[in-house]
Amino acid sequence: MKRALSLILSLTLILALFTGVNFASAADDFSQEVTVQIMLHGSNVTDPAPVIEKINEYLKEKLNMKLDVIWGTWADFDQNSVLMLAGGDPCDIYFTCSWSANEYASYARNGSFLRLDDPENDLIAAYAPDLFKSIPAILGEGALVDGASGEGIYAIPGYKDFAQLYTWDINTPLLTELGYTLEDIKSYADFGPLLAAAKALKGDSFYPLYVEQGVMQRFVLNLDIVDSSLLLGLQFDTENPSQTEPIIKSVYEMPEYKAFVEKTYEYSQAGYINPVHAVAEASNSERSNAQLNGAYLIGTQVYAPGYEAQASAERGFEVSFVPLHTQYTSITSLRGAMMAVSAYSKHPERAVAFLNLLNTDPYLMTLMAYGVEGVHYTINADGLLEFTDKHNDYMPWRNGIGNITLLPPQAAEGADIWDKYAAQAEAQVLPTGTWSFDQTPVANEMAALANVAAEYTGGLTAGTVDPAVVLPEFIEKLKANGIDKVVEEANRQLQEYLANQAD
Amino acid sequence: MTTAISKRKPKDLTHVSLKTEALFHVILGGFCLACVIPFIFVIIISFTAEESIRTIGFSFTPTIWSLESYRYVFSWGDQLWRSYLNSFIITVGGTILSVLICVLYSYTLFRRDFKLRKFFIFFSFFTMMFGGGLAPTYMVSKNILGLNNNYWAMIVPMLVNPFLFIVMRTFFQTTIPDALIESASIDGAGEYRTLFQIIVPISKPGIATIALLTALAYWNEWFIPMLYVSNANLIPLQYLLMKMQNQIDFLAKNSAMIGADAVNILAQTPRENLRMALVVFIVLPIACAYPFFQRYIVSGLTIGSVKG
């Protein structure tokens, strides 16, 4: 009798507990006004007040909520987002992606981000039913990650340029002046005569080839990114990326890398490359100088649809982009910009509802990305967008906000820009699919190796050091710091993923 | 022994041989140059035309001089002056409050008749040894104390500096005789009158020193604004510059991963000469303020209340 009583009592207690939980996660009927805080990346905003006012006016009516934006910049986002997540800040939505400090996959794994399609509490089904229907399916697949609450979606992917395409950036007027055509742009090893002709025409202080650290080697070796220090690479098939052999290699030990740095050294000794490119911090501004002034013949550019028009308008001469391969999508490019809901969010329902609206409602998206019509921009007779002077007060990072294909095209982009974006959906997918390298088992090795790479790659990429001397030393240091273990771990993870996919 | 002393003239006490003197002058002169040259270089770069930097790099003798970076800084208008104003507000407000707290705290520690003296010495000393770590500090400051996007966020975290308490207490101990406080109390002065009308006026050199250190710390601080302030209207000048530098570092690290967007970030990044012009703007007020403090330090050293 006593036992039965205690059983009943404990059962009621447990039941009460469950109902309590159920009450807590009861559906949000939007009857209460809440404030949702969002942290963006890359903002350059000095006067958000007029925009926020309009946004809140609209959101009050649509979702009975207010938006509070933290305008994270390129300078402070990494530090602050990591601190806020570590400290359990009540901020609701964070920008995340494959390259920021709050990297999507690892923060989904450590439980910082909420699973949005949790079968227990499927926020996407309840508050964002149409979102994934409005973007290419591949983006949804890219968002799948094996996180803290099982495999699922932990962030809403933004729709921006997501297909990967490496192109040579060509100064077309100069090329024509030299008597060559775009047909003559073939492979890196064949650039010699073109560069020599440009150098002869423009004189000693002219450097016809600009190199981008960490980019040029990927171009020449057809590498897809595996880790942000670029120690590992997946050499893809240039004709049919989907036929790529799924083997991760140590980039700097590849024979092709040796051939590449030897060629680079040859070009650099002939005076085709500005030695300043050996220093990462200075290289970027030098590259920008070269581009804006047309002080180059051949450079590198990771392509985005419609970029020719934009680049030509910016630089004031005709810029051409010559593709090196068939475009493809990989996990890095699919996770280029996303929005995750924090596990500490007090209003995850409203946060998801807001993200849904942001990614499906052109009015809200345009307001967020470009500001107020008539103040920050105007729409011209052709339906194209032109910025006003006020634009300088409000320049968030457009591509880091949401679905950019909802926006009115800019005059520099052309009316058909979003068709070009839509065409990306046809790009082939690498066989590595949605696999991403979990670096935690080899975190110490990765940190040490990144330092080693930082020491050597600058000089090798710019051709300021002799690879015959430096490369063997570099490889030896990589070996000493455990590159083999890292490569092995990466391949083990990849094989495991592929085996799971085959099931 | 006695004869040796009597023979030496008073000026001999500071007399060194001409050779040694010349050597010291060369060493000290070289040291001064090493301090000044980088700053002169910064000024030269700020007046260098972009074309010159592009063709011959940084140089003491640029091919083309130009005012363009300053013209550009002035054309920025609002952001620059607002950041300037913010820097002044934070520095002046922060220094006054911080020095006040420092004097009050260290004077209490100095008074031997204060019962809890030992405890408060330990209390401040302990924080010098052990900090809370970045993340907990950040959470307490931001979410509990509300130091988020306001001036207090940039003033409060640096208000209390135990190191300066110790400096100030030692200063009191070495310059203020107990007899002075005793005589003040005999004359009927209360504690506040004793401190502010008797102790503070004769402690000017010590106070000027900690004020200078505090002001410099406030003026140069960029990490705290980075943590707690995201409103562009509130950021101080030093952080404005740091932001540009961080952006360049960020780009150097990540441009390979970002792809086409890197070009847009580059477009927002000011050129070298502009950054150097900003450095000039940052250093100028401090360089101007320094002689002012120096005057107090020097004059303070020569004044005393109890002549020996």
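Chain identifiers are assigned alphabetically (A, B, ...) following the order of the sequence lines, protein sequences preceding nucleic acid strands; residue numbering begins at 1 within each chain. All values reported here derive from a predicted model rather than from experimental measurement.
The distance from the CZ atom of B/Phe250 to the NE2 atom of A/His41 is 4.0 Å, given to the nearest 0.5 Å.
When all heavy atoms are compared, the tightest approach of A/Leu83 to B/Met139 is O-SD, 4.4 Å. Across all their heavy atoms, B/Asn233 and A/Thr46 have their closest contact at OD1-O, 3.6 Å.
With sequence neighbours excluded, the residues forming a side-chain hydrogen bond (donor to acceptor under 3.5 Å, both in side chains) with B/Asn149 are B/Ser230, listed by chain and number. Every residue two or more places apart in sequence or in another chain was checked for a salt bridge (Lys or Arg N to Asp or Glu O under 4.0 Å) with A/Asp76, and none qualifies.
Options A/Val82, A/Thr300, A/Asp89 differ in how many heavy-atom pairs under 4.5 Å they form with chain B, and the most are formed by A/Asp89.
A 4.5 Å side-chain heavy-atom check between B/Asn246 and A/Trp74 finds every atom pair outside the cut-off. A/Met84 has its side chain out of reach of B/Asn143: every pair of non-hydrogen atoms, C-beta onward, lies at least 4.5 Å apart.
The environment of A/Lys390 atom NZ is sparse: at most 12 non-hydrogen atoms of other residues, nucleotides or ligands sit within 6.0 angstrom. Other residues, nucleotides and ligands contribute more than 12 heavy atoms inside 6.0 Å of the CZ atom of B/Phe41. At most 12 heavy atoms of other shown residues, nucleotides or ligands fall within 6.0 angstrom of atom CZ in B/Phe125. Within a 6.0 Å radius of CZ in B/Phe31, no more than 12 heavy atoms belonging to other residues, nucleotides or ligands are found.
At a 4.5 Å heavy-atom cutoff, A/Asp47 makes no contact with chain B through either its backbone or its side chain. Proximity to chain B (any heavy atom under 4.5 Å) is shown, for A/Arg398, by neither the backbone nor the side chain. With a threshold of 4.5 angstrom between heavy atoms, B/Tyr228 does not approach chain A through any atom at all. For chain B, the nearby part of A/Val45 is the backbone; its heavy atoms alone come within less than 4.5 Å.
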